[in-house]
Amino acid sequence: MSTPKSEFLKVILDRGYLHQCTEWEALDALMAKQSVAAYIGFDATADSLHVGSMVQIMLLRRLQQTGHKPIALMGGGTTKIGDPSGRDESRKLLTDEDINRNLTSIQQTFTGYLTFGNGKTDALLVNNADWLDKLNYIEFLRDFGRHFSVNRMLSFDSVKLRLEREQPLSFLEFNYMILQAYDFLELARRHDCRLQMGGSDQWGNIVNGTELGRRVDNKELFGLTAPLITTASGAKMGKTAAGAVWLNANRLSPYDYWQYWRNVEDADVGRFLKLFTDVPLGEITRLEKLQGSEINDAKIVLANEATTLCHGAAAARTAAETARRTFVEGGLGQDLPVLEIPRAELEAGIPAFELLRRTSLAASNGEARRLIKGGGARLNDAVIDDENRKITTADLDSDGVVKLSFGKKKHAVVRAK
């Protein structure tokens with residue numbers, strides 16, 4: 001792989017985004033010569049994207065920053081099938097109403113990362129339902145199905161792993177990769193899109209699209225994938241004891257989002273600053289060299305920058321101030337998650353494990369019980385030693401609230417109403 005001449009490929013190499021690429025030299029030459037439109041697809045399986053989608057979102061941002069045109073493709077059509085990649089079982093099929101509601105909810109995420117408009121490098125938001133919903137099945141099979149080898153499709157990881165594990169793969173899901181390839185062809189025709197990007201698990205699907213464009217329209221298309229990100233300890237990024245790290249504020253508060261980045265492992269700070277912020281590489285080099293307690297300064301930079309992109313500068317400042325008041329001054333920051341409980345219910349008493357779950361400090365009652373048994377849960381800064389201990393209005397402090405904590409860095413407030 002030669003040293004890139006195009007700024008985009010240089011940036012993604014330097015910042016750690018590159019896993020695989022088709023025709024590296026040809027793509028580099030094209031992007032060095034002209035502005036290129038590129039897309040990444042996002043299915044609407046939930047009403048919010050999560051941190052697992054952040055590499056893809058940041059790839060689109062890097063694309064626009066280096067003078068190219070990003071296209072965020074909303075999977076209004078493909079969500080009706082469900083991508084089998086990386087899964088052992090079929091996704092739950094959603095109704096059209098569910099999908100449209102999810103699409104409306106997740107579209108707002110992109111406004112913090114991309115500039116939309118009608119300019120040459122302004123981002124586009126496109127929905128593949130615009131063409132997939134209108135396909136005639138027989139005509140589609142005749143015109144495009146003949147370009148796909150079942151033998152080869154069976155060799156793709158998204159299919160092979162499911163079959164090796166003897167998990168059912170429906171014919172519906174088997175069609176997903178064909179429709180994804182057709183998306184690329186449509187975007188090439190409609191918007192002169194030349195590049196599809198995605199996670200490394202999408203490699204086979206992306207290559208299918210480049211080959212379909214060549215066979216049907218004799219057009220040179222390109223594919224590029226980013227590595228699937230895990231933490232330094234090997235855990236899948238974006239998963240916590242309380243569940244997924246969502247990007248929409250109605251699913252996860254800006255404070256909790258800030259805390260996620262503030263609490264990353266020391267060994268991940270430099271890598272995550274490169275991937276998920278715009279901090280210059282020279283400054284990142286300085287920050288990742290910090291040792292001992294000083295590494296926390298780098299984590300705060302990471303949390304501030306990542307939260308600013310996702311939720312705005314004001315939310316990031318509020319989250320940082322809440323954390324400072326909570327952890328440095330020992331008080332209760334105003335932005336801590338608050339759970340309001342009817343006073344009558346609190347007077348009767350609620351088991352500690354249940355309240356931990358209801359405040360989202362634990363993902364389930366079982367998880368909450370394990371936290372308490374391990375000595376990791378606290379009530380008003382005192383260790384909870386009995387999972388069935390009832391929390392009542394007698395536990396309200398002078399401010400009329402109960403403070404619950406998981407470890408040293410996760411807190412929530414319970415208030416009677």
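The first residue of the sequence shown is numbered 1, and numbering continues consecutively from there.
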What I want to find out is whether [X] reaches [Y] closely enough, with some N-O distance under 4.0 Å, to be called a salt bridge.
X: Lys299; Y: Asp266; value: yes
X: Arg190; Y: Asp130; value: no
X: Glu345; Y: Arg358; value: yes

Quiz item: Should the heavy atoms of other residues, nucleotides or ligands under 6.0 Å from CD of Glu283 be counted, would the total exceed 12?
Solution: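 Result for CD/Glu283: enclosed.
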Quiz item: Hey, is NZ on Lys10 packed in by over 12 heavy atoms from elsewhere, all under 6.0 Å?
Solution: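 Check fails, neighbour count at 12 or below.
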Exercise. Test Arg262 against Gln259 for side chain to side chain donor-acceptor pair (under 3.5 Å), laying out the working first.
Key: CA-CA 5 Å; Arg262 168 63 181 80; Gln259 280 292 326; over 6 Å; no
Taking side chain as C-beta onward, heavy atoms only, is [X] less than 4.5 Å from [Y]?
X: Gln180; Y: Ile206; answer: yes
X: Leu309; Y: Met54; answer: no
X: Ile106; Y: Met74; answer: yes
X: Asp133; Y: Lys80; answer: yes
X: Ile391; Y: Val414; answer: no
X: Glu186; Y: Asn128; answer: no
X: Leu224; Y: Ile12; answer: yes
X: Glu288; Y: Leu273; answer: no

Could you tell me if [Y] and [X] have a donor-acceptor pair between their side chains, going purely by distance under 3.5 Å?
X: Ser105; Y: Asn248; result: yes
X: Trp261; Y: Asn304; result: no
X: Gln196; Y: Asp183; result: no
X: Asp122; Y: Thr115; result: no
X: Asp268; Y: Thr231; result: no

I'd like to know if the side chain of [X] and the backbone of [Y] have a donor-acceptor N/O pair within less than 3.5 Å.
X: Thr66; Y: Glu7; answer: no
X: Gln20; Y: Ser200; answer: no
X: Ser35; Y: Gly67; answer: yes

Exercise. I would like to know whether Phe42 and Thr109 meet side chain to side chain contact (heavy atoms under 4.5 Å, CB included); could you show each step before the answer?
Key: CA-CA 12 Å; Phe42 301 87; Thr109 298; over 6 Å; no
Give me the atom names and distance for the closest heavy-atom approach of [X] to [Y].
X: Ala129; Y: Gly76; result: CB-C, 3.8 Å
X: Cys193; Y: Phe184; result: O-CE2, 3.8 Å
X: Pro227; Y: Gly16; result: CG-O, 4.0 Å
X: Ala26; Y: Phe222; result: CB-CE2, 3.8 Å
X: Lys274; Y: Tyr17; result: O-OH, 3.5 Å
X: Gly77; Y: Asn127; result: N-OD1, 4.1 Å

Quiz prompt | Derivation and outcome, side chain to side chain contact (heavy atoms under 4.5 Å, CB included), residues Thr22 and Leu27 | solution = CA-CA 8 Å; Thr22 66; Leu27 177 61; over 6 Å; no
Quiz item: Taking it one step at a time, do Glu387 and Lys373 satisfy salt bridge (Lys or Arg N to Asp or Glu O under 4.0 Å)?
Solution: CA-CA 7 Å; Glu387 63 196 73; Lys373 288 178 181 177; 3.8 Å; yes
Pairwise distance [atom1]([X]) to [atom2]([Y]) - rounded to 0.5 angstrom:
X: Arg194; Y: Tyr39; atom1: CZ; atom2: OH; value: 14.5 Å
X: His311; Y: Tyr257; atom1: NE2; atom2: OH; value: 6.0 Å
X: Met177; Y: Leu212; atom1: CE; atom2: CG; value: 13.5 Å
X: Gln107; Y: Leu49; atom1: CD; atom2: CG; value: 10.5 Å
X: Thr359; Y: Leu361; atom1: OG1; atom2: CG; value: 3.5 Å
X: Leu63; Y: Leu195; atom1: CG; atom2: CG; value: 7.0 Å

Quiz item: What do the steps show when you test Asp278 against Arg15 for salt bridge (Lys or Arg N to Asp or Glu O under 4.0 Å), and what is the final call?
Solution: CA-CA 10 Å; Asp278 290 339; Arg15 298 187 82 103; 5.6 Å; no
Exercise. Give the ring-plane orientation class for Phe144 versus Phe140, where under 30° counts as parallel, over 60° as perpendicular and anything between as tilted.
Key: tilted
Quiz item: Any cation-pi pair here, Arg61 with Tyr113, using under 6.0 Å and within 45°?
Solution: no
Exercise. Could you give me the CA-CA distance, side-chain angles and deciding distance for Trp258 and Ile300, then say whether side chain to side chain contact (heavy atoms under 4.5 Å, CB included) is met?
Key: CA-CA 9 Å; Trp258 189 95; Ile300 290 173; 4.3 Å; yes
Exercise. Just do the side chain to side chain contact (heavy atoms under 4.5 Å, CB included) check on Ile57 and Leu60 with the steps written out, would you?
Key: CA-CA 5 Å; Ile57 295 172; Leu60 291 177; 5.8 Å; no
